[in-house]
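The model shown is predicted, which means the values in this text are computed figures rather than measured ones. The sequence lines fix the lettering, A, B, ..., with proteins before strands; numbering per chain opens at 1.
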There are 2 protein chains.
Amino acid sequence: MEELKEKLKVKGLKLTPQRRATLEVLFNNQGQHLNTEEIYAIVKEKCPEIGLATVYRTLQLLDEMGLISKLNLDDGCSRYEFNNHDEDHQHHHLICQSCGAVIEVELDLLDQLEEAIEKEYRFRIKDHKVKFFGICSNCD
Amino acid sequence: MEELKEKLKVKGLKLTPQRRATLEVLFNNQGQHLNTEEIYAIVKEKCPEIGLATVYRTLQLLDEMGLISKLNLDDGCSRYEFNNHDEDHQHHHLICQSCGAVIEVELDLLDQLEEAIEKEYRFRIKDHKVKFFGICSNCD
DNA sequence: ATTTTATTTGAAAAGGGTTATTATTTGAGA
DNA sequence: TCTCAAATAATAACCCTTTTCAAATAAAAT
Ligand SMILES: [Mn+2]
Ligand SMILES: [Mn+2]
Ligand SMILES: [Zn+2]
Ligand SMILES: [Zn+2]
């Protein structure tokens, strides 16, 4: 939360109750992948006067600032999750093609691939998004 | 094209000129990542009577059949590319955060990670989508 | 504490990619 | 050729997201 305040100040932006509350919802729901409507519903509990447009704007802002990540599950809406600073990279996702479950993968194991890319393509990697599709243990 | 005919027949679906033409456009524009409107415009050259809704339906169908792949670049629309059967997996993409360039990566190098996932999570991997974000050599 | 000012907000409208509807056409097997 | 389920074109509807704009407000200046 202090980090949010600092990053906002640098850009001349304000720390509002709405922004604070929205970030708190993401922080308190780690491991889930909530869409904007779901986040809106939860934020309203603590911040009943907030508007849906503000939630959209805030999520966009928090994503640009790197505090949260957007996730696309091809279900017609954007989903978000809190960026845990303990992990140095965004974690990977396993998506079950049978039941739709989304599983978090803590393993990174991309160092070899990233090194090869940086060398071969002279591309400086800042971030990545990795999704694996298949059948989860419950469905197998 | 023969593969399309076979896969359609299995499901009791028809091989129409519209489907044929749409797949040909993707085949003839490999290396690009066209959105639906762009594909529609090109298909119209050979198939002027085709409707936009048919292009949407066909791209969805070809994606489900595994003949093409959908790509999300967070620019408000879906993009597609032909699945080259020479590659056994979908290739990775490098996305420049400065100029927006999209670069194809032929290296796979995910075997180690995929093996670890199959073992540790008992998840049978069928496919993957991997995007790297950073700065390309032109912008660096 | 008061004033100032650029930023932010809520409500509602607009936007825009995608999907659904429906009457008509058509591919492909009999 | 006949038959019929599947596909199409045109258009309306859908729905997630962004924009608009007047009012409110955080935060710096006084
Ligand atoms: Mn996650
Ligand atoms: Mn590609
Ligand atoms: Zn499953
Ligand atoms: Zn670039």
Side-chain angles (χ1 to χ4, degrees), chain A residues 1-2 4-25 33-41 43-65 67-68 70-80, chain B residues 1-2 4-25 33-65 67-80:
Chain A
M1 193 55 68
E2 281 311 307
L4 172 58
K5 196 171 183 177
E6 286 311 309
K7 289 197 173 185
L8 288 170
K9 185 180 273 183
V10 169
K11 295 189 175 182
L13 306 180
K14 297 172 180 174
L15 178 55
T16 64
Q18 292 89 337
R19 287 173 177 171
R20 198 192 297 268
T22 303
L23 183 57
E24 267 169 13
V25 167
H33 305 94
L34 304 172
N35 66 30
T36 310
E37 291 280 355
E38 292 166 342
I39 293 165
Y40 175 56
V43 174
K44 275 197 126 172
E45 295 170 7
K46 290 280 174 62
C47 194
E49 73 289 352
I50 197 171
L52 179 56
T54 299
V55 177
Y56 272 101
R57 282 184 295 237
T58 302
L59 292 172
Q60 201 172 283
L61 182 70
L62 295 174
D63 184 29
E64 286 165 7
M65 292 184 150
L67 295 170
I68 66 176
K70 194 197 283 196
L71 183 65
N72 181 344
L73 297 181
D74 272 317
D75 61 350
C77 61
S78 295
R79 294 174 178 277
Y80 295 88
Chain B
M1 194 54 68
E2 281 311 308
L4 172 57
K5 197 170 181 177
E6 286 311 309
K7 290 197 172 183
L8 288 171
K9 185 181 274 183
V10 169
K11 295 188 176 182
L13 306 180
K14 297 173 182 174
L15 178 55
T16 64
Q18 292 90 337
R19 289 175 175 169
R20 198 192 297 268
T22 302
L23 183 57
E24 267 169 12
V25 167
H33 305 94
L34 304 172
N35 65 30
T36 310
E37 291 278 357
E38 291 166 343
I39 293 165
Y40 175 55
I42 300 172
V43 174
K44 276 198 125 171
E45 295 169 7
K46 290 281 175 63
C47 194
E49 72 289 352
I50 197 172
L52 178 57
T54 299
V55 177
Y56 272 102
R57 282 184 295 238
T58 302
L59 292 172
Q60 201 172 284
L61 182 71
L62 295 174
D63 184 30
E64 286 164 7
M65 293 185 148
L67 296 171
I68 66 175
S69 290
K70 194 196 283 196
L71 183 65
N72 180 344
L73 296 181
D74 271 318
D75 61 349
C77 61
S78 295
R79 294 174 178 278
Y80 294 89

(request) Find the distance between CG (A:Leu23) and CE (A:Met65) and round it off to the nearest 0.5 Å. (result)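 If I round to the nearest 0.5 Å, the distance is 10.5 Å.
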(message) Angle between the two end axes of the helix from C:dA1-D:dT30 to C:dA30-D:dT1, five base pairs per end, rounded to 10 degrees?
(response)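 The angle separating the two end axes equals 40°.
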(message) Between B:Leu52 and B:Thr36, is the side chain to side chain contact (heavy atoms under 4.5 Å, CB included) condition met? List the steps.
(response) CA-CA 8 Å; B:Leu52 178 57; B:Thr36 310; 4.3 Å; yes
Determine whether a donor-acceptor pair (N or O, by modelled atom type, separation under 3.5 Å) exists between the side chain of [X] and the backbone of [Y].
X	Y	value
A:Lys46	A:Ala21	no
A:Gln60	A:Arg57	no
B:Glu64	B:Leu61	no
A:Arg19	A:Lys14	yes

Within this structure, what is the [atom1]-to-[atom2] distance between [X] and [N], rounded to whole angstrom?
X	N	atom1	atom2	value
A:Ile50	C:dG10	CD1	P	5 Å
A:Leu61	C:dT7	CG	P	13 Å
A:Asp75	C:dT19	CG	C1'	15 Å
A:Leu59	D:dC16	CG	C1'	13 Å
A:Lys9	C:dA6	NZ	C1'	16 Å

(message) Do A:Val10 and A:Lys7 have side chains that approach each other closer than 4.5 Å (heavy atoms only, starting at C-beta)?
(response)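 A:Val10 does not reach A:Lys7 side chain to side chain.
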(message) Using a strict heavy-atom distance below 4.0 Å, which residues from residues 33-49 of chain B are in contact with DNA chain D?
(response)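 Output list: B:Glu49.
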(request) Just jot down the side chain to side chain contact (heavy atoms under 4.5 Å, CB included) partners of B:Lys5, sequence neighbours excluded, or say none. (result)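 Once residues adjacent in sequence are excluded, the partners of B:Lys5 under the side chain to side chain contact (heavy atoms under 4.5 Å, CB included) criterion are B:Glu2, B:Leu15.
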(request) Could you list the residues that satisfy side chain to side chain contact (heavy atoms under 4.5 Å, CB included) with B:Ser78, not counting sequence neighbours? (result)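 For B:Ser78, the residues satisfying side chain to side chain contact (heavy atoms under 4.5 Å, CB included) (neighbours in sequence not counted) are B:Lys70, B:Tyr80.
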(message) Using a 4.0 Å heavy-atom cut-off to protein, can you give one letter per nucleotide of nucleotides 18-27 of chain D, 5' to 3': B if the base is in contact, S if only the sugar-phosphate is, - if neither?
(response) BBB----BBS
(request) For A:Tyr40, check side-chain hydrogen bond (donor to acceptor under 3.5 Å, both in side chains) against everything at least two apart and list the hits. (result)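 With sequence neighbours excluded, A:Tyr40 shows a side-chain hydrogen bond (donor to acceptor under 3.5 Å, both in side chains) to A:Lys44, given in chain and number order.
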(message) Using every non-hydrogen atom in the two residues, find where A:Leu59 and A:Ile68 come nearest and quote the distance to one decimal.
(response)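 Where A:Leu59 meets A:Ile68 most closely, the heavy atoms are O-CD1, 3.5 Å.
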